[in-house]
Structures are given as structure tokens and as C-alpha cells.
Amino acid sequence: MKEYLYSLYKQAAKNLSYLNDISITFDVPKLESHGDLSSNAAMLLPKMLKRKPVEIAGEILSALQIDPDVIEKTEIAGPGFINFFFTKKFIAKIIMEVLSDEKGFGKTQKYAGKKANVEFVSANPTGPLTVGHGRNAVFGDTIANLLEWVGYDVDREYYFNNAGRQMRVLGDSVRLRYLELLDQKVEFPADYYQGEYIKEIARNLFDEFGEKLFDQPAEGIFKQRAESEIFKDIKRSLERLSIIHKIFYNENSLYEENKIKETIESFKSKGLAYDKDGATWLRLTELGNEQDKVIVKSTGEPTYRLPDIAYHVTKFNRGYDLMIDIFGSDHNATYPDVLAGLRALGYDSEKVKVLIHQFVTIMDGGEVVKMSTRKANYITLDQLVDEVGADVVRYFFNMRNITTHMNFDLYLAKKQSDENPVFYLQYAHARICSILKMIEKENLNASVENLSLLTANEEVQLLKKLHQFKDEVLLSAETFETHRICSYLEELAAAFHKFYTFCRILGTERKLAEARVALAKATKAVLKNGLTILGVNAPERM
RNA sequence: GCGCCCGUAGCUCAAUUGGAUAGAGCAACAGCCUUCUAAGCUGUAGGUUAGUGGUUCGAUUCCACUCGGGCGUACCA
């Protein structure tokens with residue numbers, strides 16, 4: 001529908017040059033009585049043209065060469081909206097478009113040829129993924145899906161660091177647990193990793209090596225084994241949610257490939273780094289940030305900022321047109337420094353999009369569950385998937401804007417799992433599958449020969465929803481908002497359920513019945529595509 | 001103190017990025033299956049969009065301040 005209007009406006013702009021001075025948009029009005037699409041163009045122009053909006057609207061409208069087979073009615077309404085009412089005949093044609101390419105319907109080529117990198121999860125392998133990581137993981141993977149749907153070639157990437165203090169403590173935690181198994185008296189520090197999984201790793205080492213490791217350092221086999229076992233678990237947890245990273249980028253390789261040094265040298269040669277109190281500082285005040293920050297500590301060890309900058313430089317050098325970083329809100333103070341650093345090195349930081357999601361507050365029966373990986377007080381992502389299933393987890397984390405401070409009540413999630421909106425969508429899909437099986441038995445087919453018979457209100461409403469899918473996908477991808485897809489699918493499913501309640505297939509005249517089957521089939525395809533973007537299954541039966 | 005995020009129906013959240021009368025799902029109440037999936041549909045009730053100002057044709061959306069909550073504010077990541 002929008003494409004048609006755009007072409008009309010483009011044509012009209014040849015005579016009305018002021019149409020080129022504003023960005024033309026069409027919105028679906030909230031009220032049906034305001035038409036199928038609405039343009040506010042005339043209200044954007046009064047100042048420039050020094051004329052009344054309603055008058056401008058009239059001029060625009062009369063310049064549009066409208067095909068009465070497509071648009072049956074137009075009006076100028078309210079303060080200057082131009083409203084368009086499409087013919088039912090035109091609206092019904094969407095079915096042909098959907099059925100001609102069921103799996104591809106909704107995809108666009110707008111960003112074809114562009115490369116994107118989505119970096120997400122990126123938790124260091126110090127323990128199992130928690131529910132908090134779940135939001136990051138699901139959102140990141142879904143953003144990657146969305147970008148693919150609008151044409152990007154996407155790499156999913158996981159950045160981690162197995163070199164720092166965190167990992168040393170991890171290795172030593174395992175070592176101490178191992179020594180406990182040898183009946184050694186050990187003081188297990190309170191700020192070490194308390195989780196049961198540490199004991200399991202120690203137990204595995206004991207089973208394999210017996211007492212041979214008693215004088216091994218923490219940084220050797222203890223750390224290595226901890227890292228590899230925990231990473232295995234992390235990958236398995238992600239796979240349960242159908243999340244697979246293509247690239248695991250280890251911070252270590254930045255040192256091995258001399259990227260850290262190169263980055264410092266670049267800053268120094270630009271006069272943006274200086275030494276003070278034995279440390280190296282980055283002149284961030286010169287780059288528009290609040291204060292200078294240390295990039296190399298007096299111990300000679302870089303702070304996270306330096307490798308983060310060097311890491312992003314590698315992304316630029318790897319040729320990405322769009323780089324997405326997904327962080328929890330606890331990292332919100334770090335990225336301005338990194339972006340400023342990149343700008344200083346001559347990179348276009350606009351290509352880096354940092355998406356910050358707020359924390360998930362876990363509740364259990366109304367009580368807040370406080371979480372900490374080190375204290376081993378957390379609910380793991382695995383536990384959550386065990387409790388409610390992968391589909392519910394994926395849907396739940398996708399259905400809310402990432403800016404919301406989301407509450408997740410485990411008690412309610414378990415209790416109300418049947419009433420979760422994801423089942424509403426899956427049910428609609430399963431219901432259609434069942435219809436399609438049924439019509440086979442009745443010797444009916446999906447037919448697009450008589451789509452103009454689809455004129456009942458419930459049919460038209462559903463058809464209009466199908467029209468919106470492509471726009472929703474594009475908008476969701478461009479705004480990096482997955483929850484729009486959920487809202488859209490809930491509306492689509494509702495429109496279908498209404499249609500199916502009022503419009504029967506059996507016992508209806510054959511031509512109409514077959515047109516309705518085609519409508520159901522098209523709806524099924526769009527539901528399936530939407531769920532695919534979200535990474536949620538579309539079951540054939542429930 | 002300062003920075004980022006948030007505050008919308010009893011609860012969980014939307015609102016086409018500044019649009020017309022703020023919408024869904026739960027929860028509550030009242031209805032709808034002897035034929036196609038009732039995990040569904042129909043209806044009722046529920047609001048000073050935290051508050052006060054401002055910007056303009058028009059504000060839940062933008063700006064300022066106030067109140068309340070989350071996360072940060074390191075030579076931790």
C-alpha cells in the first residue's frame with residue numbers, strides 16, 4: 001500500500017516541488033474511520049509556504065493521479081491529514097504476493113551487500129549464564145535475524161577475555177577446591193567463586209589425575225580446565241536457545257598480534273596519550289568526554305578501555321558496515337570512551353551502535369532474587385529453559401523494549417505458562433495447519449482466483465495486517481527493536497482468530513471457501529516468518 | 001553530587017519515533033461450542049500518562065525543574 005502512495009507522491013512532486021523539501025511518510029491511523037493510510041505532509045508545510053494546512057492538503061490531493069481500482073476514497077480531515085481508503089480488491093491481492101514466496105515474504109533487499117557484526121553475550125567464562133545474560137543473548141540473536149531479513153550479511157560474535165584477574169581467581173578457586181579433595185586444609189576466600197560447578201571441575205580433575213596436580217599453579221591446568229568446561233556449558237546453554245556464534249574473539253589475540261601496542265602508538269603519535277603517575281592516560285577531555293582515563297596501569301597492564309578500542313579497530317578492519325554491541329546497563333559508562341577513542345583514530349563511530357538493555361529483575365512469588373555470579377546466588381539460564389521452555393524464554397525476552405526494567409516472576413511464569421502470549425501465536429499457527437489438513441479431506445484447495453470475494457470485515461482486517469508485515473520487519477531492524485515483531489504478531493493472530501470465528505469454510509460456497517483457505521494459508525506463512533525472526537518454533541499441532 | 005535508563009489501567013507492558021478519541025494481555029465481571037483446535041471469540045469495568053511549567057496547529061513522546069526507582073560514576077570488566 002505504501003509503495004503505491006510513494007509512487008503517487010513522487011509523480012506529484014514534479015509539479016509541487018515543495019514535496020521534495022519534506023520527508024513523506026504514511027502512517028496507519030489508529031481509527032479505521034481515518035482510512036488505511038494517512039499522510040501528514042500538509043501539516044509540515046504551513047510555515048514554509050505561509051498557507052493553511054487544509055488548503056495545502058487540497059492542492060496535494062488534486063495533484064495525485066489516483067487509480068480508482070486501488071483507492072476508492074480520499075479525504076482531508078482534522079487539522080490537515082490526507083486519508084486514503086484502499087479498495088478491497090487491491091487489499092486482497094496481498095495474498096498472491098505472500099503465496100508466491102511464502103518463506104521469503106517480509107524480506108527486503110534494502111541493505112543487501114552490507115556486512116554487519118553483532119557482538120553479544122560476551123560473558124567471560126567464569127560461570128554459567130544467568131537469566132540476565134539470557135536477555136542479552138536472545139535480543140542479540142534476534143537483532144541479527146532482523147538484520148538478515150533486511151539484507152545484511154551478519155556475523156554473530158562473542159568477545160571474551162581469559163587473561164585478566166577474574167580468570168586468575170577462577171583458576172585459583174578450582175585449585176583450592178581440588179586441594180580440599182586431597183584433604184588439605186585450605187582457606188577458601190569469600191571473594192572467590194563459590195559455585196558448585198567449581199567443585200565439579202575440581203572433582204573431574206581429581207578423577208582424571210588423582211593427586212598429581214597438588215603442586216600445580218592456578219594459572220596452568222586449573223584455569224585452562226575451568227575455562228574449557230565452563231565454555232562448553234555456555235555454548236550448550238546458548239544452543240538450547242538456538243543461538244550459535246560464528247566468531248569467538250579472544251582478547252588475547254589482540255596482544256599476540258601486537259594490536260594493543262599499535263593502538264597506544266597511534267594515540268601517542270596524535271598527542272592523545274600521555275604518562276602520569278607511572279600510568280598512561282588517554283586525553284579524553286580533548287575528545288569531548290568528561291575526564292581523562294587510564295589506558296595502561298602503572299603495573300603495565302592495560303585497562304579494559306584499550307583492548308576494547310583495539311578490538312573495535314579490528315572490526316573496522318574486517319570490513320563491517322554496521323557493528324552492534326549489546327551490553328547490560330552496568331556497562332553504560334564504558335562505551336563513550338571507546339567511541340571517542342575510535343573517532344580519534346579516524347574511524348566513523350556512527351557505524352558502531354551500542355544497544356544497552358536494562359536489567360531483568362527476577363522475582364519469585366513477589367520477592368526479589370538478588371544475583372551475583374561470584375557468590376553463586378543466581379538463577380541460571382538453563383534452569384529457566386528447564387522451567388518454561390526455549391520458546392517462552394525467547395519470546396519473553398523479545399517482547400519488551402530493552403529500555404524497560406523488566407520484571408520476571410518465576411512463580412508467575414510457571415503458573416501462567418499456558419497464558420503466555422507465545423502460545424496464542426503458536427496456537428493460531430497450529431490451528432491453520434489443522435485447517436489445511438481438513439480442507440484436503442474435503443477436496444478443497446487454496447485458490448487466488450476469486451480473492452475479491454473476501455469482503456467481510458474480519459477478512460479485510462486480516463488482509464490489512466498482512467500488508468503491514470514487511471514494514472514492521474524493516475522498522476524493527478532499523479530501530480533495533482525486536483518487541484515490535486511480537487506486538488505485530490499478536491495483532492495478526494488476533495485478526496486471524498476473529499476471522500476464523502466469524503468466517504467458516506465448510507458449508508460456504510466453494511469459490512469463497514477456497515479464497516478463505518488462501519487467506520488462511522497466507523496468514524500461516526506470515527506467522528511462521530515472524531516467529532522465525534524471533535527464533536520461536538511454529539508447531540503444526542498443539 | 002554527576003552521567004545513563006525508567007515511571008502509562010490493580011499487575012506486566014504497548015502506543016506507527018511529534019499526530020486525530022492513550023491501547024493489549026493478565027486479574028475481575030457477564031455471555032458464546034451436538035460440524036472445521038474454546039490454548040479461541042463477544043461484551044462490561046478499569047486512566048489527571050509520577051508532578052509542575054515550557055516549546056506548537058498538536059506532547060505519553062521534545063526541553064527545564066521536582067519527586068520516586070534501577071545501573072554506573074576505578075590504575076575492576
Side-chain angles (χ1 to χ4, degrees), chain A residues 25-31 33-34 37-38 40 43-44 46-47 52-54 77-81 83 122-124 126 161 164-166 251 276-281 290-291 293-305 307-308 328-336 356-359 361 366 396 399-409 412 416-428 430-435 437-439 441-442 458 468 471-472 475 479 481 483-484 486-488 490-491 493-494 496-502 504-508 513 541-542:
Chain A
T25 58
F26 301 101
D27 295 326
V28 179
K30 281 179 201 155
L31 291 179
S33 60
H34 291 149
L37 285 173
S38 175
N40 67 349
M43 283 136 70
L44 303 173
K47 268 189 187 158
K52 288 183 177 161
V54 174
F81 292 104
N83 297 335
S122 293
N124 279 346
T126 59
N161 168 24
R165 193 192 65 89
Q166 237 185 358
E251 185 184 322
K276 193 182 93 182
D277 306 331
T280 306
W281 295 68
E290 296 237 328
Q291 47 188 318
K293 295 276 175 66
V294 171
I295 51 174
V296 182
K297 302 184 221 171
S298 51
T299 59
E301 211 177 356
T303 63
Y304 66 89
R305 265 173 222 104
D308 270 13
S329 63
D330 54 338
H331 283 66
N332 85 73
T334 74
Y335 72 90
I356 304 273
H357 63 84
Q358 297 303 314
F359 277 5
T361 305
F396 194 88
M399 72 193 278
R400 303 301 181 205
N401 195 322
I402 57 165
T403 59
T404 77
H405 300 262
M406 190 167 97
N407 282 333
F408 196 163
D409 194 314
L412 287 179
Q416 298 185 348
S417 64
D418 278 3
E419 283 148 7
N420 189 302
V422 70
F423 294 110
Y424 183 76
L425 307 184
Q426 293 182 318
Y427 176 65
R431 219 177 175 188
I432 298 173
C433 291
S434 156
I435 292 165
K437 269 180 213 136
M438 185 254 326
I439 62 116
K441 281 185 202 150
E442 300 289 331
E458 291 77 15
Q468 291 169 16
D471 285 337
E472 292 290 341
L475 184 66
T479 57
E481 292 176 325
H483 70 281
R484 290 177 182 283
C486 297
S487 306
Y488 169 78
E490 285 169 34
E491 288 167 14
F496 172 76
H497 285 307
K498 269 177 210 170
F499 156 73
Y500 195 55
T501 301
F502 290 100
R504 314 299 295 192
I505 290 172
L506 295 188
T508 303
R541 65 179 60 195
M542 288 174 75

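Throughout, protein chains are lettered first and strands after them, A, B, ... in sequence-line order, and every chain is numbered starting at 1. Quick caveat, the model's predicted, so the values are computed rather than measured.
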Could you pull out the protein-nucleic contacts involving nucleotides 67-69 of chain B (nitrogen or oxygen on both sides, under 3.5 Å)?
from   : atom 1 : to       : atom 2 : distance (Å)
B:rG69 : N2     : A:His405 : NE2    : 3.1

Give one of base, sugar-phosphate or nothing for [X], where a contact means two heavy atoms less than 4.0 Å apart.
X: A:Glu481; answer: base
X: A:Thr25; answer: nothing
X: A:Leu31; answer: base
X: A:Met406; answer: sugar-phosphate

Provide, to the nearest angstrom, the distance between the [atom1] atom belonging to [X] and the [atom2] atom belonging to [N].
X: A:Phe26; N: B:rG19; atom1: CZ; atom2: P; value: 16 Å
X: A:Arg400; N: B:rU12; atom1: CZ; atom2: P; value: 10 Å
X: A:Phe396; N: B:rU12; atom1: CZ; atom2: P; value: 11 Å
X: A:Arg484; N: B:rU16; atom1: CZ; atom2: P; value: 7 Å
X: A:Asn420; N: B:rC26; atom1: CG; atom2: P; value: 11 Å
X: A:Tyr488; N: B:rC13; atom1: OH; atom2: P; value: 25 Å
X: A:His483; N: B:rA24; atom1: NE2; atom2: C1'; value: 13 Å
X: A:Tyr500; N: B:rA38; atom1: OH; atom2: C1'; value: 12 Å

When syn is taken as a glycosidic angle within 90 degrees of 0, is B:rC26 syn or anti?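 The base of B:rC26 is oriented anti (glycosidic angle more than 90° from 0).
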Should B:rU17 be called syn or anti, with syn set as within 90° of 0?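 Syn, since the glycosidic angle lies within 90° of 0.
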Under the criterion of centre distance below 5.5 Å and interplanar angle below 30°, is A:Phe81 classified as stacked on the base of B:rG19?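 Per 5.5 Å and 30° rule: no stacking.
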Considering only the [atom1] atoms, how many Å lie between [N] and [M], rounded to the nearest integer?
N: B:rG72; M: B:rU66; atom1: C1'; answer: 23 Å
N: B:rG58; M: B:rU21; atom1: C1'; answer: 14 Å
N: B:rC76; M: B:rU16; atom1: P; answer: 43 Å
N: B:rC57; M: B:rC4; atom1: P; answer: 30 Å
N: B:rU49; M: B:rA30; atom1: P; answer: 31 Å
N: B:rG70; M: B:rG31; atom1: P; answer: 45 Å
N: B:rU60; M: B:rU8; atom1: P; answer: 15 Å
N: B:rU56; M: B:rA20; atom1: C1'; answer: 16 Å

Could you measure the distance from the [atom1] atom of [X] to the [atom2] atom of [Y]? Nearest 0.5 Å is fine.
X: A:Ser329; Y: A:Ile402; atom1: OG; atom2: CD1; result: 10.5 Å
X: A:Leu475; Y: A:Arg484; atom1: CG; atom2: CZ; result: 4.5 Å
X: A:Gln426; Y: A:Arg431; atom1: CD; atom2: CZ; result: 15.0 Å
X: A:Ser434; Y: A:Tyr427; atom1: OG; atom2: OH; result: 8.5 Å
X: A:Glu458; Y: A:Lys498; atom1: CD; atom2: NZ; result: 8.5 Å
X: A:Met399; Y: A:Glu490; atom1: CE; atom2: CD; result: 5.5 Å

Report, as yes or no, whether the 6.0 Å neighbourhood of atom NZ on A:Lys437 holds more than 12 heavy atoms from other residues, nucleotides or ligands.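 More than 12 within 6.0 Å, yes.
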Among B:rU16, B:rU12, B:rA20, find the nucleotide with the atom closest to the side chain of A:Asn407.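 Nucleotide nearest to A:Asn407's side chain: B:rU12.
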Mark yes or no for whether [X], through its side chain, and [Y], through its backbone, hold a donor-acceptor pair below 3.5 Å.
X: A:Trp281; Y: A:Lys276; answer: yes
X: A:Asn124; Y: A:Asn161; answer: yes
X: A:Thr303; Y: A:Val296; answer: no
X: A:Arg305; Y: A:Val294; answer: yes

Check the interface with nucleotides 55-63 of chain B: list each N/O to N/O pair with the protein under 3.5 Å, or write none.
from   : atom 1 : to      : atom 2 : distance (Å)
B:rC57 : N4     : A:Met43 : O      : 3.4

For the residue pair [X] and [Y], what are the closest heavy atoms and their distance?
X: A:Thr508; Y: A:Ala513; answer: O-CB, 4.0 Å
X: A:Thr404; Y: A:Gln358; answer: O-CB, 3.4 Å
X: A:Lys297; Y: A:Pro302; answer: CE-O, 4.1 Å

Let's test your reading of the model: under 3.5 Å, does the base of B:rA20 pair with the side chain of A:Asn83 as donor and acceptor?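 Indeed, a donor on one side and an acceptor on the other fall under 3.5 Å apart.
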Do A:Asp27 and B:rG19 have a side chain to base donor-acceptor pair shorter than 3.5 Å?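 No, no donor-acceptor pair under 3.5 Å.
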Taking for each residue the nucleotide of RNA chain B with the nearest heavy atom, is it A:Ser33 or A:Asn401 whose nucleotide lies nearer the 5' end?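 The 5'-side residue here is A:Asn401.
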Pick the nucleotide of RNA chain B nearest each of A:Thr404 and A:Glu490; which residue has the one closer to the 5' end?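 The residue mapped nearer the 5' terminus is A:Thr404.
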Can you list the steps and then say if A:Asp308 with A:Tyr335 is a side-chain contact (heavy atoms from CB on, under 4.5 Å)? CA-CA 9 Å; A:Asp308 270 13; A:Tyr335 72 90; over 6 Å; no
Would you check if there is a donor-acceptor pair between the side chains of A:Asn401 and A:Thr403 at a distance under 3.5 Å?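 A:Thr403 vs A:Asn401: donor-acceptor pair found between side chains.
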Scan side-chain atoms only and decide if A:Asn83 and A:Ser38 contain a donor-acceptor pair under the 3.5 Å cut-off.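 There is such a pair (donor and acceptor under 3.5 Å, judged by atom type) between the side chains of A:Asn83 and A:Ser38.
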For RNA chain B, produce a single dot-bracket line, 5' to 3'. Pairs: Watson-Crick or G-U wobble, both distances under 3.5 Å. Symbols: ( ) within strand, [ ] crossing, | other strand, . unpaired. (((((((..((((.....[...)))).(((((.......))))).....(((((..]....))))))))))))....
Classify every nucleotide of nucleotides 72-77 of chain B by which part a protein heavy atom approaches to under 4.0 Å, writing B for the base, S for the sugar-phosphate alone and - for neither, in 5'-to-3' order. S--BSB
Measure the acute angle between the ring planes of A:Phe499 and A:Phe496, then classify it against the limits of 30° and 60° as parallel, tilted or perpendicular.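 Geometry flag for A:Phe496 against A:Phe499: tilted rings.
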Are any protein N/O atoms closer than 3.5 Å to N/O atoms in nucleotides 39-49 of chain B? If there are, list each pair with its distance.
from   : atom 1 : to       : atom 2 : distance (Å)
B:rG40 : O2'    : A:Arg431 : NH1    : 3.2
B:rC41 : OP1    : A:Tyr424 : OH     : 2.6
B:rC41 : O4'    : A:Thr501 : OG1    : 3.4
B:rU42 : OP1    : A:Lys498 : NZ     : 3.4

Using ring-ring contact (aromatic ring centres under 6.0 Å, His included) as the criterion, list what pairs up with A:Tyr424, not counting sequence neighbours.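 For A:Tyr424 the ring-ring contact (aromatic ring centres under 6.0 Å, His included) partners, ignoring immediate neighbours, are A:His497.
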